[in-house]
Amino acid sequence: KEEEQMVRFTQMNQDLLQSGMKAEIFSGILAPVSTALNNLSYTIIVGVGAVLILTGGNMSLGIISNFMIYSKQFSRPIQELANQMSTLLSAVAGAERVFEVLDAEEEVQDEKDAMELTEVKGNVHFSNVSFSYIEGKPVLKNIEIQAKQGQTIALVGPTGAGKTTIMNLLMRFYDTEEGTVFVEGKNIRNLKRSNLREQMGMVLQDTYLFSGTVEENIKYGKQDATQEEVEYAARLANAHDFISRLPQGYQTPLGDGGGNLSQGQRQMISIARVMLNNPKILILDEATSSIDTQTEQKIQEAMNVLMQGRTNFVIAHRLSTIRNADKIAVIQHGELKEMGTHQELLAKKGFYYQMYFSQFQDVSGSI
Ligand SMILES: Nc1ncnc2c1ncn2[C@@H]1O[C@H](COP(=O)(O)OP(=O)(O)O)[C@@H](O)[C@H]1O
Ligand SMILES: [Mg+2]
């Protein structure tokens, strides 16, 4: 994968170099050429004038020198235009790219008769789901997972197995190729996207915060929340303490992407955000990176509170999460290898058993 990126990067660099060179050559040539043309016209006027005077034509030195000045005045704007040409062209090229973005296709429209879920309890069913990002390269094959209201489903498996992809299908960032995802017994293709996504909360490893105050970031998704509600959510997320210590508390502006906070703090804010939204279905991507143990513990606590009373899909790395899950779905090469509780899967002595004894049992207690 890294090599592919390298090849693409090199290719793009080559393209950039070539067009850059073309542009430079073109604008480099344009100015001297137009200067040369001017000087040429000058020479012609002088030459023709001289011949006319010498041959005794009806011509005086004054007329010729006037003519020369006129010709200069006439050609100067043209020359300037030529000089501005490259600036103009790059502006046009820029505008083209802007329009490309503006014209980019939006997500597939909702069906005309798209429905809204009324009462969501958190029942999710992946029914025989297959999917590929690129045609002919299947990423998921016949995935069958059922999550009942309030259950925690841990997704485990090697990197690239397809865990994140399963969650992408639930959020309907992509549509299934075969099979159906049901929420509350409804095919999610028949639901309004906005309505579907309102029912879900996501806490990902790398949290994106936008530039705005801490409060605005927590309120994202529930604009009409009161200050009390925001603070309550932040307390549940273990974020209230550190927010209070910020220079302007909840009104502290965050840099783009939340740059002035630590990764752990950003994650706690995103937990507060989801807490406030109070969705029935939760998608968690547990951190693998080593945040300091104290922060890590606070995050874990907050996550545990957040998971109460919801249906949770956890891309799990921590042994504690995996052990306590109602079901563990073991994914490998896009296939559901095994599913069951920790005890059941250990007793089966299959793929999970192997993974458990080769990876889970290291000192840190995570995969
Ligand atoms: N946007 C994408 N376009 C093409 N291929 C992708 C995309 N996202 C993921 N993949 C591929 O799909 C497979 C599964 O990826 P992913 O679901 O992210 O795995 P996991 O979360 O289990 O590590 C990988 O082979 C990955 O390279
Ligand atoms: Mg992933």
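Here, residue 1 is the first one in the sequence, and each next residue gets the next number. In each ligand, atom 1 is the first atom listed, and ligand 1 is the first ligand listed. Bear in mind the structure is a predicted one, so any value in this text is a computation, not a measurement. Both backbone and side-chain heavy atoms feed into the values below; hydrogens, waters and symmetry mates do not.
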Requested in this report: With heavy atoms under 4.0 Å as the rule, classify the contact between T164 and ligand 1 as side chain, backbone, both or neither.
Outcome: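 Contact part for T164 vs ligand 1: both backbone and side chain.
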Query - Region of Y174 engaging ligand 1 - heavy atom pairs below 4.0 Å - result: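 The answer is the side chain.
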To the nearest 0.5 Å, tell me how far [X] [atom1] sits from [Y] [atom2].
X: L196; Y: I281; atom1: CG; atom2: CD1; value: 7.5 Å
X: Q332; Y: F351; atom1: CD; atom2: CZ; value: 3.5 Å
X: N238; Y: M303; atom1: CG; atom2: CE; value: 11.5 Å
X: Q146; Y: N123; atom1: CD; atom2: CG; value: 8.0 Å

Query - Backbone or side-chain N or O of A161 under 3.5 Å from ligand 1 N or O - result: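 Yes.
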**Report entry** Residue pairs fulfilling ring pair (Phe, Tyr, Trp, His ring centres under 6.0 Å) with at least one residue in residues 51-91, sequence neighbours excluded
**Finding:**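 As it turns out, there is no ring pair (Phe, Tyr, Trp, His ring centres under 6.0 Å) pair with a partner in residues 51-91 once direct neighbours are skipped.
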Check ligand 1 against [X] and write out every atom of the ligand that is under 4.0 Å from a heavy-atom position of the residue.
X: T159; result: 23 (O)
X: T165; result: 14 (C), 15 (O), 16 (P), 17 (O)
X: V139; result: 12 (O), 13 (C), 14 (C)

**Report entry** Side-chain ion pair, R318 and E296, N-O less than 4.0 Å
**Finding:**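 Yes, this pair counts.
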Query raised in the report: Is the closest heavy atom of G160 to ligand 1 under 4.0 Å?
Result: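 Flag set, G160 near ligand 1.
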Query raised in the report: Any side-chain heavy atom of R172 within less than 4.5 Å of one from R189?
Result: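 The answer is yes; the side chains approach within 4.5 Å.
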Query raised in the report: Can you name the salt bridge (Lys or Arg N to Asp or Glu O under 4.0 Å) partners of R76, sequence neighbours left out?
Result: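 For R76 there are no salt bridge (Lys or Arg N to Asp or Glu O under 4.0 Å) partners, ignoring immediate neighbours.
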**Report entry** With sequence neighbours excluded, residues passing salt bridge (Lys or Arg N to Asp or Glu O under 4.0 Å) with K72
**Finding:**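 Applying salt bridge (Lys or Arg N to Asp or Glu O under 4.0 Å) to K72 gives none.
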Report task. For the Mg ion (ligand 2), count the protein N, O or S atoms found under 2.8 Å away. Result ->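 Count of protein N, O, S atoms less than 2.8 Å from the Mg ion (ligand 2): 1.
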